[in-house]
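Here is the structure we will look at, set down as structure tokens.
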Amino acid sequence: MPRQYTQRAFIGGNIANAEDWNAELSSAASELSGQLDQNNMPLDTVDSARVAPAVVVTEVNNTAFAHDLITHTYMQSQSYHTSSSCLIDTNPGSVTYATAWQKEDWQLGWMRLAEKRFITINSVNYYAGSELRFDAKEGMLVGEAFIDATWRAGWTDGYTGSIQDPPVVFHWYSHVQNFAEFGVFVNDVCVARTGLQFLGGRFTFVIPFSTPVATQECIVDLRFRLQYTNNKMPVSLRGVQDNLVPFTLGDSGVWVRNQYR
């Protein structure tokens with residue numbers, strides 16, 4: 001027998017109204033007659049007719065060169081939103097479909113992935129894998145972002161002045177310090193960040209985040225910043241120079257759940 005709870009108001013002096021007793025007794029006996037469930041709730045309170053199905057809105061679903069997907073799922077008490085770009089590499093080892101930032105593109109401070117990571121459909125830009133836009137309701141945002149990035153220190157070959165067979169070739173590696181930091185921003189406010197991470201190769205980062213939100217238009221976007229210091233030792237060989245490759249972005253995406261208050 002589940003716990004029973006008083007369903008009627010008390011009068012002053014904590015004395016129950018006399019007419020309430022029959023109602024309380026009826027409530028206690030209703031489970032025995034099949035009218036209440038194990039949680040002491042009427043069986044017909046919640047049924048399929050009273051629960052509206054989820055509304056799914058697919059904003060982008062493009063599979064031409066990459067799997068670009070932006071979807072929104074709206075339910076009674078919460079909503080889910082997803083924006084991802086998973087690149088299809090038809091030539092193993094190539095980065096043909098990656099998004100690259102040349103050193104001329106670097107800026108001080110945070111750079112938005114959406115500056116370069118977007119697709120254009122019917123003259124409209126969609127920011128798959130870099131940004132989410134939706135109408136949020138007051139409550140909490142809980143989500144996660146993922147970023148696959150590559151940034152390698154460059155190196156060049158030097159050679160001696162004399163001609164030899166076989167030629168003497170020296171490999172000079174740049175002694176560099178290159179770090180990257182990734183962050184999640186909600187309406188231009190940073191809600192999660194990785195801190196500076198050494199990026200001497202290819203790495204994947206997963207960034208969980210949560211933040212309260214008001215009823216408003218909400219923009220969740222991914223950003224990064226770069227820190228590079230070239231400490232290459234001076235050399236006297238001809239033709240030795242920096243060969244710094246660009247910062248390259250592979251797969252990326254963000255999903256978020258808006259739990260209504």
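Given the structure is predicted, the values throughout are model-derived calculations rather than measurements. Computation of the quantities below employed the complete heavy-atom set of this structure, encompassing side-chain atoms and omitting hydrogens, waters and symmetry-equivalent molecules.
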Checklist line | same_hphob_cluster(Val184, Ile219) at 4.5 Å side-chain heavy-atom cutoff | finding: no
Next item on the list: Would you check if Tyr126 and Ser83 make a side-chain contact, meaning some heavy-atom pair closer than 4.5 Å?
Entry: no
Checklist line | Residues forming a side-chain contact (heavy atoms from CB on, under 4.5 Å) with Phe203, sequence neighbours excluded | finding: Leu199, Phe205
Checklist line | Where Ser85 and Ala128 come nearest, the two heavy atoms and their spacing | finding: CB-O, 3.6 Å
Checklist line | side chain to side chain contact (heavy atoms under 4.5 Å, CB included) between Asn187 and Gln216, intermediate numbers included | finding: CA-CA 10 Å; Asn187 290 342; Gln216 60 182 336; 3.5 Å; yes
Check: Hey, are the side chains of Ser79 and Tyr74 touching, using non-hydrogen atoms and a 4.5 Å cut-off?
Finding: yes
Next item on the list: Mind checking the CG-OG1 spacing from Leu69 to Thr58? Nearest 0.5 Å is all I need.
Entry: 7.0 Å
Notebook entry, point to check: Mind checking whether Tyr80 and Met75 have side chains closer than 4.5 Å, heavy atoms only?
Noted result: yes
Check: For the hydrophobic clusters of this structure (ILVMFWY residues joined by side-chain heavy atoms under 4.5 Å, transitively), does one cluster hold both Val189 and Leu113?
Finding: no
Checklist line | Nearest non-hydrogen partners of Trp110 and Arg193, listed with the distance | finding: CZ2-NH2, 3.9 Å
Note to self: Given 3.5 Å as the limit, does a donor-acceptor pair link the side chain of Thr211 with the main chain of Val191, or not?
What the structure shows: no
Next item on the list: Decide yes or no for Trp106 and Arg225: does some side-chain heavy atom of the first lie under 4.5 Å from some side-chain heavy atom of the second?
Entry: no
Check: Are Tyr127 and Ile121 joined in one hydrophobic group, where the rule is that I, L, V, M, F, W and Y side chains link up if heavy atoms are under 4.5 Å apart?
Finding: no
Check: Taking side chain as C-beta onward, heavy atoms only, is Phe209 less than 4.5 Å from Val220?
Finding: yes
Checklist line | Rounded distance (nearest 0.5 Å) linking atom CD1 of Ile119 with atom OG of Ser130 | finding: 10.0 Å
Note to self: Using side-chain heavy atoms (C-beta onward) and a distance below 4.5 Å, is Leu222 in contact with Arg117?
What the structure shows: no
Notebook entry, point to check: What's the shortest heavy-atom distance between Ala98 and Leu249, and which atoms?
Noted result: CB-O, 3.3 Å
Checklist line | Residue pair Lys116 / Ala100: nearest heavy atoms and the distance that separates them | finding: NZ-O, 3.1 Å
Notebook entry, point to check: With Glu138, which residues qualify under salt bridge (Lys or Arg N to Asp or Glu O under 4.0 Å), at least two apart?
Noted result: Arg261
Check: Donor-acceptor pair, Gln78 side chain versus Tyr260 backbone, under 3.5 Å?
Finding: no
Item checked: Shortest non-hydrogen contact from Thr73 toward Ala54 -> CG2-CB, 4.0 Å
Margin query: Ignoring hydrogens, what is the shortest heavy-atom contact between Trp101 and Pro246? Give both atom names and the distance.
Written below: O-CB, 3.2 Å
Note to self: Under 4.5 Å between side-chain heavy atoms, counting indirect links through other Ile/Leu/Val/Met/Phe/Trp/Tyr residues: same cluster for Leu132 and Val186 or not?
What the structure shows: yes
Margin query: Does the plane of the ring in Phe134 sit parallel, tilted or perpendicular to the ring in His72? Use 30° and 60° as the thresholds.
Written below: tilted
Note to self: Regarding Asp188 and Arg112, does a basic nitrogen lie under 4.0 Å from an acidic carboxylate oxygen?
What the structure shows: no
Item checked: CZ on Arg223 to CD on Glu131, rounded to 0.5 Å -> 9.0 Å
Check: Are Val256 and Val213 linked, directly or through other ILVMFWY residues, by side chains that come within less than 4.5 angstrom of each other?
Finding: yes
Margin query: Would the distance check show the side chain of Gln259 and the main-chain N or O of Ser77 forming a donor-acceptor pair, the cut-off being under 3.5 Å?
Written below: yes
Next item on the list: Indicate yes or no: at least one non-hydrogen side-chain atom of Asn178 is less than 4.5 angstrom from one of Leu226.
Entry: no
Check: At what distance, to the nearest 0.5 angstrom, does CG of Asn125 lie from OG1 of Thr120?
Finding: 4.0 Å
